[in-house]
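Notes to accompany the following structure.
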Amino acid sequence: KAGVTQTPRYLIKTRGQQVTLSCSPISGHRSVSWYQQTPGQGLQFLFEYFSETQRNKGNFPGRFSGRQFSNSRSEMNVSTLELGDSALYLCASSLFGSGANRAYNEQFFGPGTRLTVL
Amino acid sequence: EDQVTQSPEALRLQEGESSSLNCSYTVSGLRGLFWYRQDPGKGPEFLFTLYSAGEEKEKERLKATLTKKESFLHITAPKPEDSATYLCAVSTGFQKLVFGTGTRLLVSP
């Protein structure tokens with residue numbers, strides 16, 4: 001079974017530009033979460049989507065946005081890039097759903113997109 | 001505010017020297033505690049999920065345990081390939097994970 005895939009793997013942008021990152025979840029997984037990882041702050045939650053709806057959002061400015069498509073694939077967008085946005089952006093997918101199967105909560109991460117803002 | 005604290009920040013072991021990593025947490029409503037392993041330049045790799053105090057899970061040389069306030073990741077007779085950063089996270093709902101800053105483990109031959 002293929003894992004979570006993220007594209008592109010590496011990006012270099014300049015301040016003020018915008019960027020779109022893509023995530024394809026594990027087949028059958030309906031929930032997609034996004035995280036930002038930096039050496040100073042560690043892994044921080046950005047937002048989570050389920051059935052094309054954003055259910056939860058972290059403490060990031062409105063420049064960070066996302067969406068999910070009907071096939072569960074997700075994109076996140078960062079507008080007006082700042083130097084501090086340089087980070088590893090990670091996507092995670094999980095089954096999530098109703099029922100007693102706790103395995104639904106397990107999140108599996110992709111390899112990440114390394115964004116460098118110059 | 002939900003918080004996760006991991007200790008030590010870094011740990012150096014000799015091959016075969018067993019030890020434990022600690023993850024203490026403060027959350028309003030725990031829906032799961034997760035352990036991940038992360039190698040440099042890669043995404044976190046899922047290891048375990050624990051849901052209730054007293055629960056234990058094992059995988060090869062790793063064993064995770066959970067109490068009401070903390071979790072331990074025990075590493076028995078580690079090998080150099082166990083070298084990585086080990087991350088602990090808690091879930092409080094809707095797939096939002098709050099992560100600790102991790103423990104960097106280095107196992108020397």
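Below, read A as the first sequence line, B as the second, and so on, with proteins coming before strands; counting in each chain starts at 1.
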Using the rule that two of Ile, Leu, Val, Met, Phe, Trp, Tyr join whenever any of their side-chain heavy atoms come within less than 4.5 Å, decide whether B:I75 and B:L47 are in one cluster. yes
Cluster check A:V32, A:V19: I/L/V/M/F/W/Y, side chain < 4.5 angstrom: yes
Main-chain N/O of A:F109 paired with B:Y36 side-chain donor or acceptor, under 3.5 Å: no
Has A:R63 got more than 12 heavy atoms of other residues, nucleotides or ligands less than 6.0 Å from its CZ? yes
Is it the side chain or the backbone of A:Q44 that comes within 4.5 Å of chain B heavy atoms, both, or neither? neither
Are the side chains of A:Q107 and B:F34 in touch, meaning some heavy atoms are under 4.5 Å apart? no
More than 12 heavy atoms of other residues, nucleotides or ligands under 6.0 Å from CZ of B:R61: yes or no? yes
What do you reckon, is NZ of A:K57 surrounded by more than 12 foreign heavy atoms closer than 6.0 Å? yes
Can you tell me if CG on A:N59 sees more than 12 non-hydrogen neighbours from other groups inside 6.0 Å? no
Within the supplied structure, the quantity of interest is the number of heavy atoms (other residues, nucleotides, ligands) at a distance under 6.0 Å from B:K57 NZ; does it exceed 12? yes
In terms of hydrophobic clusters joined by side-chain contacts under 4.5 Å, are A:L11 and A:L88 together? no
Neighbourhood of chain B inside residues 110-118 of chain A, taking heavy atoms under 4.5 Å as contact: A:G110, A:P111
Rounded distance [0.5 Å steps], CD in A:E48 versus CG in B:L97: 10.0 Å
Within a reach of under 6.0 Å around CZ of A:R73, are more than 12 heavy atoms found that belong to other residues, nucleotides or ligands? yes
How close do B:K96 and A:Y35 get, heavy atom to heavy atom, and via which atoms? C-OH, 4.1 Å
Looking at B:G43 and A:L90, what are the two nearest heavy atoms and their distance? CA-CD2, 3.8 Å
Looking at chain A, which one of B:A89, B:G32, B:G41, B:P44 has the largest number of heavy-atom pairs inside 4.5 Å, strictly under? B:P44
Look at atom CD of B:E9 and say whether more than 12 heavy atoms of other residues, nucleotides or ligands are closer to it than 6.0 Å. no
Segment of B:Q38 engaging chain A (4.5 angstrom heavy-atom cut-off): side chain
